[in-house]
Amino acid sequence: TIISVLQLTTNKSLGLFFLGESQFDDSLYYIAKTMFGGEMRVRAYGTFPHPNVLAAFAIISIAVIANDLFISIIKNKVGVLNIKLIFKVITISGSLLTLYLTQSRTVLFSLASSLVLLTMLGFIKSFGLKKTLIAFPSILLLLFIPLSTFYKERFMSLLSYDRSSYINRVELTNIVFESIAKDRVTLIFGMGPGGFLEYHSINNPIKTSFTFIIEPVHNVFLLILSEFGFIGLLILIVYIINFIIKIFIKPKDFKELIIFVFLTPYLFFALNLDHYLITLKQGVGLFAIVISLLHYNKYKDNKTLKDCIN
């Protein structure tokens, strides 16, 4: 959090390369920037290669610590002057600040979905399903107002200076379908690891005012389809379906409710709106952590997801 704040205030990296910090300043075209208080500033990178990856780390931290705090409350282990409680609250607050400084729209979508889901579960437990559905529009409005206030400039940028980001993503999606339409072999088996970037650089580099942009398509499913073909995509889909059945439909020994509520929406948005979970080393590591946490069973008593909610 401290590194992120200093990066934002100085508008450049801090020289902490031995910690993995990227080297950047606001003069570089390819560096992620956004509007803060009417001024264009560098988004927080921390010690990660991109703000979105830092945001992923922050949301995972929030999920793990909030879940531990939730369990402590259930077991009545939270004291007024509990040092561990103070540390957890400070850590969650720091992670939320870091998340804001990254200005990651993907993680914001997941955080908003998690808050809506948590609120809905609380309402269902207190008032029942029927009253909760009636109150659902009000719940969305109450959560939307503060989130939209903090991220107003970030989303308005899609209509102005950052509109090119949306256009580039559409072009990358078109390149995927163009590449797999070349022949049946590519459609079935793909172009191989790294094949999309090679095809993209040779055939369809995206031209901007400054340079050519060569980057992966911002969708894990489409990237898998282009590089590993229909077979690779089918394997991924089968795994996800099996994962959902085990974790959600037929839960067993499952009591990590907060982790589930926070990380499931995150995984959905990250897989569909970005690529770093399979293209960057830190992203692959975070992907493995998320999957492990969702599979992780801390308690040995046979509690289902429904029991945990009740």
Side-chain angles (χ1 to χ4, degrees), residues 22 24 28-33 43 45 48-56 104-110 157-159 161-244 264-288 290-291:
S22 302
F24 60 86
L28 299 176
Y29 170 74
Y30 58 84
I31 289 299
K33 308 182 189 74
R43 292 165 57 192
Y45 274 69
F48 290 88
H50 194 277
N52 289 349
V53 187
L54 174 59
S104 172
R105 287 184 288 245
T106 301
V107 177
L108 175 67
F109 285 140
S110 69
S157 68
L158 287 173
L159 303 177
Y161 66 88
D162 204 25
R163 193 167 183 269
S164 60
S165 175
Y166 169 76
I167 296 174
N168 289 345
R169 295 190 182 203
V170 173
E171 289 188 30
L172 289 170
T173 301
N174 293 335
I175 292 172
V176 170
F177 291 107
E178 176 188 307
S179 64
I180 63 176
K182 293 288 184 179
D183 56 77
R184 294 182 181 179
V185 176
T186 303
L187 175 61
I188 298 174
F189 298 102
M191 297 180 288
F196 177 81
L197 285 179
E198 183 179 350
Y199 178 87
H200 180 18
S201 63
I202 296 174
N203 297 278
N204 298 87
I206 297 175
K207 183 71 170 65
T208 70
S209 302
F210 302 93
T211 184
F212 288 96
I213 296 179
I214 301 172
E215 59 180 337
V217 61
H218 286 62
N219 184 295
V220 170
F221 298 99
L222 291 179
L223 188 56
I224 291 292
L225 176 63
S226 66
E227 296 192 347
F228 298 94
F230 179 75
I231 294 178
L233 181 62
L234 182 62
I235 293 173
L236 177 61
I237 292 175
V238 169
Y239 171 78
I240 291 176
I241 293 174
N242 183 59
F243 177 79
I244 293 173
T264 303
Y266 160 71
L267 202 56
F268 171 80
F269 285 107
L271 289 172
N272 285 281
L273 298 177
D274 220 316
H275 59 79
Y276 60 83
L277 289 179
I278 64 171
T279 57
L280 298 177
K281 292 180 180 179
Q282 295 91 333
V284 172
L286 292 174
F287 193 13
V290 170
I291 295 299

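From a predicted model like this one, the values you see are computed outputs, not experimental measurements. The basis for the numbers below is simple: all heavy atoms, side chains too, and nothing from hydrogens, waters or symmetry mates.
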query: Can any side-chain N or O of Glu227 pair as donor or acceptor with the backbone N or O of Pro193 at less than 3.5 Å?
result: no

field: Worked check of side chain to side chain contact (heavy atoms under 4.5 Å, CB included) between Thr279 and Val220
entry: CA-CA 9 Å; Thr279 57; Val220 170; over 6 Å; no

- request: For the pair His218 and His275, name the ring-plane relationship: parallel under 30°, tilted 30 to 60°, perpendicular over 60°.
  value: perpendicular

- prompt: Roughly how far apart are Leu286 CG and Tyr266 OH, rounded to 0.5 Å?
  reply: 6.0 Å

Criterion side chain to side chain contact (heavy atoms under 4.5 Å, CB included) on Tyr276 and Gln282, from CA distance to verdict: CA-CA 8 Å; Tyr276 60 83; Gln282 295 91 333; over 6 Å; no

query: What pair of heavy atoms forms the shortest contact from Ser104 to Arg43, and how long is it?
result: CA-NH2, 3.7 Å

task: Give a yes or no on whether the backbone of Leu273 and the side-chain of Arg169 come within a donor-acceptor separation of less than 3.5 Å.
output: yes

statement: The single option from Val290, Leu267, Val284, Leu223 that satisfies side chain to side chain contact (heavy atoms under 4.5 Å, CB included) with Leu277 is Leu267

query: Among Asn272, Leu271, Thr173, which residue meets the side chain to side chain contact (heavy atoms under 4.5 Å, CB included) test with Asn219?
result: Asn272

- prompt: Ser226 and Ser179: which non-hydrogen atoms are nearest, and at how many Å?
  reply: CB-OG, 4.3 Å

field: Distance-minimising heavy-atom pair for Leu197 and Pro216
entry: CD2-N, 3.5 Å

message: For the CG atom of Leu233 and the CD1 atom of Ile188, what is their distance to the nearest 0.5 Å?
response: 13.5 Å

query: So, Tyr45 side chain and Ala32 main chain: donor-acceptor pair closer than 3.5 Å or not?
result: yes

message: Other residues, nucleotides and ligands only: do more than 12 of their heavy atoms fall within 6.0 Å of CZ on Phe24?
response: yes

- prompt: About how many Å separate CG of Leu222 and CD1 of Ile175, when rounded to the nearest 0.5 Å?
  reply: 12.0 Å

- request: Calculate, to the nearest 0.5 Å, the distance between atoms OG1 and CG belonging to Thr186 and Leu225 respectively.
  value: 10.5 Å

- line: Note: Val53 and Gly283 closest approach over all heavy atoms is CG1-N, 4.4 Å

- prompt: Which heavy atom in Phe196 sits nearest to a heavy atom in Leu172, and how many Å separate them?
  reply: CZ-O, 3.9 Å

- prompt: Can you tell me how far CD1 of Ile240 sits from CZ of Phe268, rounded to the nearest 0.5 angstrom?
  reply: 10.5 Å

- prompt: So which heavy atom on Ala55 is nearest to which on Val107, and how close?
  reply: CB-CG2, 3.6 Å

- request: Take Ile291 and Tyr239 through the side chain to side chain contact (heavy atoms under 4.5 Å, CB included) test and state the conclusion after the steps.
  value: CA-CA 11 Å; Ile291 295 299; Tyr239 171 78; 3.2 Å; yes

task: Decide if the gap between the ring center of Phe189 and the ring center of Phe228 is smaller than 6.0 angstrom.
output: no

